[in-house]
Structures are given as C-alpha cells and as structure tokens.
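Quick notes on the structure that follows.
For the numbers below, each heavy atom of this structure counts, side chains included, while hydrogens, waters and symmetry mates do not. A quick note: this is a predicted structure, and the numbers were derived from the prediction, not measured. Here is how names work: the chains are called A, B, and so on, in the same order as the sequence lines, proteins then strands, and each is numbered from 1.
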Number of protein chains: 2
Amino acid sequence: MPTVSSEELAAAAGVNSAKLRKDFSYLGSYGTRGVGYDVEYLVYQISRELGLTQDWPVVIVGIGNLGAALANYGGFASRGFRVAALIDADPAMAGKPVAGIPVQHTDDLEKIIQDNGVSIGVIATPAGAAQPVCDRLVAAGVTSILNFAPTVLTVPDGVDVRKVDLSIELQILAFHEQRKAGEDHGGTVPPAAAHQEPGEQGPDGDVPAVMPA
Amino acid sequence: MPTVSSEELAAAAGVNSAKLRKDFSYLGSYGTRGVGYDVEYLVYQISRELGLTQDWPVVIVGIGNLGAALANYGGFASRGFRVAALIDADPAMAGKPVAGIPVQHTDDLEKIIQDNGVSIGVIATPAGAAQPVCDRLVAAGVTSILNFAPTVLTVPDGVDVRKVDLSIELQILAFHEQRKAGEDHGGTVPPAAAHQEPGEQGPDGDVPAVMPA
DNA sequence: ATGTCTTTGTGAACGCGTGCACAAAGATGG
DNA sequence: CCATCTTTGTGCACGCGTTCACAAAGACAT
Ligand SMILES: NC(=O)c1ccc[n+]([C@@H]2O[C@H](COP(=O)([O-])OP(=O)(O)OC[C@H]3O[C@@H](n4cnc5c(N)ncnc54)[C@H](O)[C@@H]3O)[C@@H](O)[C@H]2O)c1
Ligand SMILES: NC(=O)c1ccc[n+]([C@@H]2O[C@H](COP(=O)([O-])OP(=O)(O)OC[C@H]3O[C@@H](n4cnc5c(N)ncnc54)[C@H](O)[C@@H]3O)[C@@H](O)[C@H]2O)c1
C-alpha cells in the first residue's frame with residue numbers, strides 16, 4: 001500500500017507539515033500513525049470533499065478567441081468538468097462545431113441551462129455583454145460564474161463569481177519586478193507583500209485587488 | 001479638484017475603510033483631512049507604486065488557441081503592458097501575423113528577449129514544452145513568468161512564477177457549489193473556507209492549492 | 001507479548017492582519 | 001481669528017490562522 005507522510009507532502013507543496021496535518025484532520029482521521037496516509041484513499045477523500053467526484057456540467061458563453069481556447073482546453077475533463085454547451089450571440093456561428101461541440105445561439109440559453117442542469121457558467125463575451133449574459137444565466141439557475149470579461153459583475157446573494165483577469169496577474173509580476181530593480185521609492189510598504197515562498201506559485205493570498213481599469 | 005473619501009472607496013470596493021486608509025498610509029500621507037483623497041493624484045501614486053507608470057515589454061511563447069487569444073486581448077495595453085513579441089516553435093507560423101504582430105520562431109528566443117529588454121514572459125505552450133521554454137526564458141534574462149500550462153515550473157531564486165489554472169478556478173466554484181446543496185458530509189471543515197464577502201470576486205486569499213492533476 | 005520507533009492528531013502559544021476608536025489636522029463658515 | 005465639522009492617520013486590542021511541541025497511536029521487530 002503506497003503511503004506518504006505529512007512531512008513528504010509538506011516538503012513537496014512547500015508548506016508546513018503541521019498545517020497540512022491539521023487541514024487533513026478537518027476531513028477526518030485518515031492517516032495511520034507511524035506510517036502516513038494511504039495515497040489512493042487520501043486522494044479520494046480530498047476529491048470528494050472538493051466536489052470532484054461528481055460530474056459538473058459547464059456552459060461557456062461567448063465563443064470568440066478566448067472562449068474557443070477554453071473549449072479546447074483538455075484540463076477541463078480531467079478534473080470532472082464537462083462542457084455541456086457552447087453559446088454565442090453571433091448567428092453565423094450557430095451550429096458550427098468548436099472542439100467537437102456545436103455552438104448554440106443565445107436565444108436558447110435558458111433552455112440549455114435547464115435541460116442540462118447546469119449550475120456553473122463561464123463568461124467569455126466582450127465586457128459590455130457580460131452583465132446581461134450574467135443576469136440571464138443567474139435567472140436560468142446558474143449559481144457559480146467564472147468571468148473572463150474585464151468587468152465586475154453584480155449578482156444576487158447566493159451566487160459566486162470568480163474573475164480571471166490577466167492584467168492583474170501581469171500587474172502582480174510587474175510589481176515584484178519593479179522591486180527587484182532595487183530602487184529607493186519613497187513610501188514604506190509592509191514586508192508582507194514582499195515575495196512568494198518557494199513551492200507556491202499562482203493566485204494565493206497576495207496583493208490587494210483595488211484599482212480601476 | 002475631484003476627491004474621494006476612504007469611506008466611499010471602501011464601500012465601492014467592499015472593504016473596511018480603516019484598512020483602506022492604513023494601506024494607503026504605507027504609500028505616504030496623500031490624503032487631506034476633512035476632505036479626502038485627490039483622485040487623480042491618488043491614482044498616480046498607486047500606479048507608480050504598482051509599477052504601472054512604466055512600459056513593460058512582454059513576450060508570449062506558444063501561439064496556439066490560448067496564446068492567440070491573449071495576443072488579441074486589449075486589456076494588456078491599457079495597463080502599461082506591451083506585447084513585444086510572439087514566439088512559437090511551429091515553422092509554419094513564422095512570419096504569420098497574429099493580432100498584427102508577426103510570429104517569430106523559438107530559435108531566436110534569446111535574441112528577442114535581449115533586444116527588447118523583456119523581463120516578463122507568458123507561457124502558453126503545451127504542458128510538456130513549458131519547463132524547457134521556461135528555462136530558456138530565464139537563461140535569457142526573464143525574471144517573471146506567467147504560466148498557463150498545467151505544470152508546476154521549477155525556477156531559480158529571484159524568478160517569480162504565477163500560474164493561471166482554469167481547472168482550479170472551476171474547482172473552487174464547484175467546492176462552494178457543493179456546499180450550497182447543503183448535504184451532510186462527514187468531515188467538519190472550518191467556516192473560514194465558507195464564502196466570499198460581497199464586493200470581492202476572484203483570486204483572493206481562498207482555498208489552499210494542494211492537489212495533483 | 002513487549003519494546004522501540006515513527007508519525008499522526010491536536011492543545012497551546014505565537015504572530016499578523018483586521019477593525020475599532022479617537023486624537024490631530026485641516027477645511028469651511030461666521 | 002475662532003469655532004465647528006469632516007475625515008485622515010494610527011495606536012491598540014481582538015481574532016484567526018499558522019507553527020510549535022508533544023502525548024498517544026499504531027506498525028514492526030524481537
Ligand atoms: N481575463 C483575461 O485574461 C482575458 C484574456 C483575453 C480576453 N479576455 C476577455 O474575454 C472576452 C472575450 O475575449 P475574446 O478575445 O475571445 O473576444 P472575441 O471578440 O474574440 O469573442 C467574443 C465572443 O462573444 C460573442 N458575444 C458577443 N456578445 C455576446 C452575447 N451577448 N452573448 C453571447 N455571446 C456574445 C461574440 O459573438 C464573440 O464570438 C473579452 O471580454 C476579453 O476582454 C480576458
Ligand atoms: N490555464 C488555463 O486556464 C488554460 C486554458 C486553456 C489552455 N491552457 C493550456 O495552455 C497551453 C496552450 O493551450 P492551447 O489550447 O493554446 O494549445 P495549442 O496546441 O493550441 O497551442 C500550443 C502552441 O504552442 C506551440 N508550441 C509547442 N511547443 C513549443 C515550444 N517548445 N516552444 C514554443 N512554442 C511551442 C505550438 O506550436 C502551438 O502553437 C496548454 O498547455 C493548455 O493546457 C491553459
């Protein structure tokens with residue numbers, strides 16, 4: 001039976017082993033003292049807690065450059081997400097297959113959502129169309145939205161929105177980049193914002209997100 | 001002179017006004033008591049601190065579906081980032097313009113980086129090519145990398161990596177989605193992971209990032 | 001069975017970010 | 001020039017997540 005110790009996992013993830021053990025403990029006592037965690041069992045338990053054991057139908061709205069790229073992204077399926085439908089407002093696209101899935105027209109948005117029991121929607125339309133599309137998705141029953149358009153969406157309580165903004169990612173890099181240059185800028189900034197720990201990379205607790213476009 | 005109070009800004013951003021004031025105080029005392037902050041001046045100061053007042057040349061490596069979408073993204077330029085070059089390994093693409101910029105071959109990667117003084121690189125190649133491409137970028141002088149390939153990159157000290165992973169964004173949504181269903185799952189999970197505050201949306205301090213693909 | 005050795009699970013201390021509350025600053029009006 | 005009112009800047013306290021440290025659990029060898 002292949003096992004891992006919290007120490008090994010912590011080293012690989014670049015975090016503290018005690019923290020890792022405490023986190024796991026919230027899911028239950030799945031470890032064996034003196035041995036470690038059964039890898040297969042642990043992966044299953046975490047997957048289940050994260051909601052990865054069930055199939056999540058997803059719709060993508062706005063099949064332009066970005067939407068098409070997302071539709072083609074294989075990493076979707078490997079984590080339990082299934083592209084249930086592609087939706088676009090352009091009549092010329094209707095019926096045309098992208099990544100093997102025929103694009104459907106926005107007119108049928110509500111029906112598509114309901115027929116497929118979709119609760120997660122991805123918005124990749126131009127900024128101006130994002131809020132209206134969002135409203136229709138929510139009205140049709142979608143309660144989680146991944147937004148790629150550079151707009152802050154307004155949604156009712158109970159609906160989750162996550163915004164992916166490439167510009168902000170680049171800004172964070174530029175911010176650190178500027179510091180590497182070692183210039184003496186006026187203000188003092190708390191060291192907390194300084195750098196990332198080895199092992200972690202990506203959107204973690206970092207940098208506030210307050211700035212207009 | 002148009003001004004804003006910390007109270008107004010805090011309400012708009014969905015954060016506490018005291019926190020906002022304290023954050024601003026790290027940049028210096030730019031406010032006027034009894035009045036608020038001079039909007040234009042404040043924006044400039046924050047932009048400067050974030051490194052947005054200077055021009056950041058960026059290269060994108062891997063001009064496939066995603067890379068092309070990124071090259072077309074207008075939000076780039078509006079924040080001070082300039083696409084200095086597009087690079088791909090496919091000889092058939094060399095010279096072909098994408099978003100008005102001719103694609104160049106990976107053979108010239110080092111020269112392109114150096115000629116343009118690029119310090120920020122975007123990787124949108126298949127997963128297998130990401131690490132080798134990363135190594136070449138770093139060797140050529142790039143010290144900040146935005147990685148879209150589903151791989152954890154290994155880099156020397158002093159190089160920053162941010163990974164954008166659509167799957168993880170969807171997993172976070174699915175996790176919360178599962179909870180809304182209100183099912184009684186076995187383990188107890190700390191309420192901290194529960195929900196997002198009104199006003200914030202997107203990659204903030206949330207959810208640990210430990211899980212294999 | 002008993003002892004030893006490894007690793008978990010967790011109580012307790014620590015540190016840090018967040019929020020409260022208020023004194024000081026400065027604008028504004030009389 | 002003084003009084004008043006608004007809003008900043010910040011000391012301080014609270015709360016929460018992280019980390020330390022260790023007792024208990026259990027595997028494994030003798
Ligand atoms: N967040 C990021 O990092 C990032 C990166 C690139 C692009 N973007 C954004 O993603 C969005 C899409 O970018 P793109 O390059 O694919 O643009 P695009 O113009 O290529 O595609 C937009 C698509 O949306 C469709 N559309 C327009 N209105 C619609 C509506 N009301 N309902 C349904 N579909 C509609 C159009 O027909 C088009 O196919 C833009 O808002 C862009 O700013 C974000
Ligand atoms: N993070 C996300 O949310 C997300 C979303 C979609 C895709 N992706 C990932 O982004 C990457 C690109 O996706 P895509 O759909 O554009 O794939 P794609 O196959 O359309 O494009 C890949 C491009 O990279 C080029 N390439 C291959 N090897 C190269 C090398 N060594 N040097 C330079 N260029 C090279 C290819 O010629 C091709 O043009 C993949 O790794 C994919 O998994 C990530």
Nucleotide nearest Ser29(A) (side chain, heavy atoms from C-beta), chosen from dG9(C), dT19(D), dT10(D):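 Selected nucleotide (nearest to the side chain): dG9(C).
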Just compare dA24(C), dC20(D), dA21(C) and give me whichever is closest to any side-chain atom of Ala18(A).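 Selected nucleotide (nearest to the side chain): dC20(D).
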Atom pair distance, as rounded to whole Å: [atom1] in [X] and [atom2] in [N]:
{"X": "Asp38(B)", "N": "dT7(D)", "atom1": "CG", "atom2": "P", "result": "16 Å"}
{"X": "Phe24(A)", "N": "dG9(C)", "atom1": "CZ", "atom2": "P", "result": "10 Å"}
{"X": "Lys22(A)", "N": "dG11(C)", "atom1": "NZ", "atom2": "P", "result": "8 Å"}
{"X": "Tyr30(B)", "N": "dT10(D)", "atom1": "OH", "atom2": "C1'", "result": "17 Å"}
{"X": "Tyr26(A)", "N": "dG11(C)", "atom1": "OH", "atom2": "P", "result": "10 Å"}
{"X": "Arg21(A)", "N": "dA23(D)", "atom1": "CZ", "atom2": "P", "result": "15 Å"}
{"X": "Leu27(B)", "N": "dT10(D)", "atom1": "CG", "atom2": "P", "result": "12 Å"}
{"X": "Leu42(B)", "N": "dT8(D)", "atom1": "CG", "atom2": "C1'", "result": "13 Å"}

Using distance alone, with no hydrogens and no angle criterion, decide if [X] and [Y] have a side-chain donor and acceptor under 3.5 Å apart.
{"X": "Ser6(A)", "Y": "Arg21(A)", "value": "yes"}
{"X": "Glu177(B)", "Y": "Thr143(A)", "value": "yes"}
{"X": "Tyr44(B)", "Y": "Glu40(B)", "value": "no"}

Determine: side-chain N/O of [X] to OP1/OP2 of [N], distance under 4.0 Å, yes or no.
{"X": "Lys19(B)", "N": "dG19(C)", "answer": "no"}
{"X": "Tyr37(B)", "N": "dG9(D)", "answer": "yes"}
{"X": "Thr32(A)", "N": "dG26(D)", "answer": "no"}
{"X": "Ser6(B)", "N": "dT8(D)", "answer": "yes"}

Glu110(B), CD: over 12 other non-hydrogen atoms inside 6.0 angstrom: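 It does: Glu110(B) CD has more than 12 such atoms within range.
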Side-chain donor/acceptor contact of Arg33(A) with base of dT7(C) under 3.5 Å: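 Answer is no: no donor-acceptor pair is held.
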Could you state the interatomic distance from CG (Leu137(A)) to CG (Asn147(A)), rounded to the nearest 0.5 Å?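 Going from CG on Leu137(A) over to CG on Asn147(A), the span is 10.5 Å.
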